[in-house]
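Let me begin by presenting the structure, written as structure tokens, before commenting on it.
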There are 4 protein chains.
Amino acid sequence: MAAPKQTEKGERRRALLVAAAAELLAEGGFEAIRHRAVAERAGVPLAATTYYFSSLDELVGAGLDRLAREELADARACLDVRDDPHEIVLDLLLGPRSRAEGLDAVLRRFERLIGSGRRPFLAGLLRDQRVEFDALLDEALTRVTGRRPAPGEVRRVTALVDGVVLTALIEAEPDPRGIARAALREAVAAV
Amino acid sequence: MAAPKQTEKGERRRALLVAAAAELLAEGGFEAIRHRAVAERAGVPLAATTYYFSSLDELVGAGLDRLAREELADARACLDVRDDPHEIVLDLLLGPRSRAEGLDAVLRRFERLIGSGRRPFLAGLLRDQRVEFDALLDEALTRVTGRRPAPGEVRRVTALVDGVVLTALIEAEPDPRGIARAALREAVAAV
Amino acid sequence: MAAPKQTEKGERRRALLVAAAAELLAEGGFEAIRHRAVAERAGVPLAATTYYFSSLDELVGAGLDRLAREELADARACLDVRDDPHEIVLDLLLGPRSRAEGLDAVLRRFERLIGSGRRPFLAGLLRDQRVEFDALLDEALTRVTGRRPAPGEVRRVTALVDGVVLTALIEAEPDPRGIARAALREAVAAV
Amino acid sequence: MAAPKQTEKGERRRALLVAAAAELLAEGGFEAIRHRAVAERAGVPLAATTYYFSSLDELVGAGLDRLAREELADARACLDVRDDPHEIVLDLLLGPRSRAEGLDAVLRRFERLIGSGRRPFLAGLLRDQRVEFDALLDEALTRVTGRRPAPGEVRRVTALVDGVVLTALIEAEPDPRGIARAALREAVAAV
DNA sequence: TATGAATGAGTCTTCATTCAT
DNA sequence: GATGAATGAAGACTCATTCAT
């Protein structure tokens with residue numbers, strides 16, 4: 001028990017562990033977050049994982065949180081650099097990794113979304129992320145269309161792209177991002 | 001391969017194992033199909049699982065096949081009974097369990113869809129299922145709209161409903177089937 | 001128990017099984033002789049292996065016997081064809097497979113010789129084989145030297161070549177047959 | 001790699017395991033080194049074997065290393081006590097156990113030699129052992145003959161004795177050490 | 001405060017052998 | 001006579017978690 005004191009070293013270690021968990025989550029999904037793997041990746045002793053996080057679930061939550069923040073920050077940075085807004089929307093919907101890594105990255109992202117269903121302790125976290133996520137998406141869509149999205153439009157586009165991608169994933173379509181891009185353009189044009 | 005199934009008794013045991021695997025799959029996803037769990041559920045010794053299925057993957061495949069057949073059969077039965085075609089479409093998209101079990105059943109169904117992406121040995125099976133699935137969906141949509149669906153329309157409706165439901169899942173919306181029903185009506189009306 | 005009747009079909013099956021065991025022995029050593037493997041290779045039902053041979057040991061014995069006979073027959077055939085007698089001696093000492101397969105074949109042959117130590121039921125068989133083996137070696141050496149070997153000379157040459165090869169095996173020398181050939185020439189010249 | 005060995009207590013346990021592995025190797029060959037067997041012999045829980053050695057191969061390597069060191073130390077001790085140098089040479093070639101245990105000990109030693117050929121991960125270890133082994137053999141032969149062995153003479157004697165013993169083993173000669181002794185005297189006299 | 005040590009429970013899979021039919 | 005069915009025991013290995021120091 002006895003929550004570890006918040007020494008500077010302790011904070012550094014916590015951060016190392018969370019970063020390792022986030023990496024593993026992005027690369028291999030929830031199952032990849034194991035005590036051993038996290039400790040090795042973070043370069044800390046195995047027991048540190050249970051010392052700083054009272055259960056694996058806690059570590060999973062912290063990793064998911066960190067990963068989501070990183071992805072949001074990435075998308076925001078692209079927005080600032082005035083990157084093609086379509087791509088930023090896709091980054092938000094499919095994850096920035098989908099730019100380079102294709103099918104697998106998207107698969108893992110959806111696994112993450114769905115897999116949270118088995119992990120009730122993540123539910124709150126995911127919903128909170130959604131709020132920031134939607135705000136950014138709203139802004140990106142504004143740039144795409146040149147006007148403020150109507151109420152519910154963000155959700156409609158999200159749903160449409162997600163749905164198309166889901167089918168693509170099941171059929172092992174090698175370029176889900178391409179599919180998503182087409183659906184996005186069509187959805188935007190239809191309005 | 002292998003797969004003894006000569007005698008009637010052997011067939012019966014095989015069926016027991018497949019049924020157990022299908023149940024576990026429906027309840028706990030792919031990860032829930034383990035030798036021990038299947039053996040216990042089927043009430044057979046552990047070694048029987050490897051006697052009838054030379055690898056766990058084979059058992060997973062058989063379980064998925066059985067589960068899909070059951071769900072198709074359920075939907076088909078509803079069609080014959082002239083049930084509300086909207087509901088049949090939803091059965092096909094969300095699984096018949098979503099009628100009674102709500103959120104969890106839908107979540108598990110999506111888990112299954114996504115999880116299949118990670119299991120290349122299921123690809124062939126999934127493709128085959130897709131054919132029967134689409135044919136039935138085509139018929140159900142015909143009843144909904146009163147006309148034969150245009151090419152690609154089945155896929156478009158599928159994508160739209162799936163996308164809407166995915167968002168509902170993340171937000172822990174208690175009645176994803178309701179959300180899906182609304183999306184379906186809207187999509188159909190839009191044509 | 002009840003020794004299976006000696007029907008024609010039974011005899012054919014026995015022969016198939018023994019041949020399969022001999023092949024597996026030559027390819028993978030004693031450990032490779034397993035009920036499953038033998039049955040598969042012979043194309044007979046698994047239970048036939050225990051039906052025709054009351055234990056695995058019996059099958060191992062029969063396989064070893066057959067393999068040795070084959071190797072002797074091969075060497076004899078070469079002798080009749082007036083092949084280079086040095087090579088025939090090497091066939092006898094290292095096995096005919098050592099011509100083409102090199103290190104591995106020789107390794108397996110020595111494993112067979114030594115491995116018999118753990119299998120007392122093979123002792124008699126091995127000794128019997130030695131008698132035929134030595135007779136043939138005597139004849140081959142006669143051709144090599146042009147004269148009848150002195151008493152004990154066969155054994156001396158055998159020991160010398162075996163010893164040299166044993167060292168070569170331990171040091172993973174890739175061409176033990178080459179080493180053996182050199183030792184043989186030297187040993188013969190020294191007389 | 002891994003290999004925890006920081007604390008004294010950990011070291012002790014590690015040593016227990018290695019000793020158990022060495023014993024099993026001497027008694028039953030490489031195949032006798034199994035997690036279960038080692039754990040039982042060492043009196044530790046099964047999981048301790050994988051905690052201290054990340055794979056069975058590592059444990060096999062450590063066991064072989066220990067056994068070889070013991071045998072070398074035994075021979076060296078005899079050398080210091082000015083034991084009959086012939087016997088020391090035989091200790092080196094047949095293992096010290098061959099003094100008391102006769103046939104079986106020699107058989108197991110050869111099994112070990114041959115078995116090493118199948119285990120490439122032991123190659124480095126074997127090479128290192130060979131260096132110490134040859135140095136000691138050189139010294140022992142010096143005492144036997146009263147002069148420094150000529151280059152290659154150590155290997156020649158090794159091969160000759162090994163070859164003779166191999167034949168003795170196959171013929172289940174009850175006193176392989178006696179045979180080896182005779183061969184050794186003859187080989188030395190011939191120079 | 002940290003962490004090496006430790007382990008019970010569980011993972012998939014293989015195999016020789018028995019037995020009922 | 002022949003064989004499908006069956007299984008207990010064992011194989012290597014993984015892992016979350018606890019605990020003594």
Side-chain angles (χ1 to χ4, degrees), chain A residues 1-7 9-10 13 31 33-39 44-57 59, chain B residues 3-14 31 33-39 44-59, chain C residues 1-7 9-10 13 31 33-39 44-57 59, chain D residues 2-14 31 33-39 44-60:
Chain A
M1 295 300 121
K5 266 256 192 71
Q6 305 220 352
T7 66
K9 184 189 168 197
R13 281 220 155 158
E31 291 175 42
I33 303 186
R34 277 172 263 116
H35 284 126
R36 272 172 160 66
V38 174
V44 305
L46 174 58
T49 55
T50 49
Y51 180 66
Y52 288 101
F53 296 86
S54 60
S55 77
L56 197 56
D57 284 352
L59 202 38
Chain B
K5 51 173 164 181
Q6 276 95 346
T7 50
E8 196 193 337
K9 190 183 167 200
E11 261 316 295
R12 222 179 312 132
R13 244 192 172 185
R14 224 188 134 79
E31 292 172 43
I33 304 186
R34 298 203 211 101
H35 283 125
R36 271 173 162 70
V38 174
V44 304
L46 179 57
T49 57
T50 54
Y51 175 66
Y52 285 97
F53 298 87
S54 57
S55 75
L56 194 57
D57 284 353
E58 224 178 275
L59 196 40
Chain C
M1 295 298 120
K5 266 256 194 71
Q6 306 220 349
T7 66
K9 184 190 169 199
R13 281 220 154 161
E31 291 174 42
I33 303 185
R34 276 171 264 116
H35 283 125
R36 272 173 159 69
V38 173
V44 304
L46 175 58
T49 55
T50 49
Y51 180 66
Y52 288 101
F53 296 86
S54 60
S55 76
L56 197 56
D57 284 351
L59 201 39
Chain D
K5 51 169 163 181
Q6 277 96 345
T7 52
E8 198 193 336
K9 190 182 166 201
E11 261 315 297
R12 220 179 314 133
R13 237 181 181 197
R14 223 187 135 79
E31 291 173 43
I33 303 186
R34 300 204 210 100
H35 283 126
R36 273 172 160 70
V38 173
V44 304
L46 180 57
T49 57
T50 54
Y51 175 66
Y52 285 97
F53 297 87
S54 57
S55 77
L56 195 57
D57 284 353
E58 224 179 277
L59 196 41
V60 168

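Chain letters run A, B, ... following the sequence lines, proteins first and then strands; every chain starts at 1.
Remark: C1' of F:dT17 and CG of A:Asp57 are 13 Å apart, rounded to the nearest angstrom. Rounded to an integer number of Å, the gap from CZ of B:Arg12 to P of F:dG4 is 18 Å. As a whole-Å value, the separation of D:His35 NE2 from F:dA10 C1' is 13 Å. If you take CD of D:Glu31 and P of E:dC15, they are 13 Å apart, rounded to a whole angstrom. Between B:Phe53 atom CZ and E:dT14 atom P the separation is 16 Å, expressed in whole Å. Between the CZ atom of B:Arg34 and the C1' atom of E:dG10 there is a distance of 8 Å, given to the nearest Å. One interatomic measurement links the two molecules: CG of D:Leu59 to P of F:dC13, which rounds to 10 Å at whole-angstrom precision. Between the CG atom of B:Leu46 and the C1' atom of E:dA9 there is a distance of 14 Å, rounded to whole Å.
For A:Ala47, counting side-chain heavy atoms from C-beta on, the closest listed nucleotide (F:dT7, E:dG4, F:dC13) is E:dG4. Of the candidate nucleotides F:dT18, F:dC13, F:dA2, F:dA2 has the atom lying nearest to any side-chain atom of C:Thr7. Counting only heavy atoms from C-beta on, C:Thr50 has its side chain closest to E:dT18 among F:dT18, E:dC12, E:dT18. Taking only side-chain atoms of C:Tyr52, from C-beta outward, the nucleotide of F:dT17, F:dA2, E:dA2 with the closest atom is F:dA2. For C:Arg36, taking side-chain heavy atoms from C-beta onward, the closest of the listed nucleotides F:dC13, F:dT17, E:dC15 is E:dC15.
When the side-chain nitrogen and oxygen atoms of D:Tyr51 are compared with OP1 and OP2 of E:dT7, none of them lie within a distance under 4.0 Å. Contact between the side-chain N/O atoms of D:Arg13 and the OP1/OP2 oxygens of E:dT7 is found at a separation under 4.0 Å.
Mapping B:Leu56 and D:Val44 onto DNA chain E by nearest heavy atom places D:Val44 closer to the 5' end of the strand.
In a base pair of the Watson-Crick type (N1 to N3 plus N6-O4 or O6-N4) or a G-U wobble (N1-O2 and O6-N3), with each distance short of 3.5 Å, E:dG10 is matched with F:dC13. With a cut-off of 3.5 Å on both pairing distances, the Watson-Crick or G-U wobble partner of E:dG4 is F:dC19.
For the residue pair D:Leu56 and D:Ile33, the shortest heavy atom distance occurs at CD2-O, 3.5 Å.
In this structure, CG in C:Leu46 is found 12.5 Å from CZ in C:Arg34, a value given to the nearest 0.5 Å.
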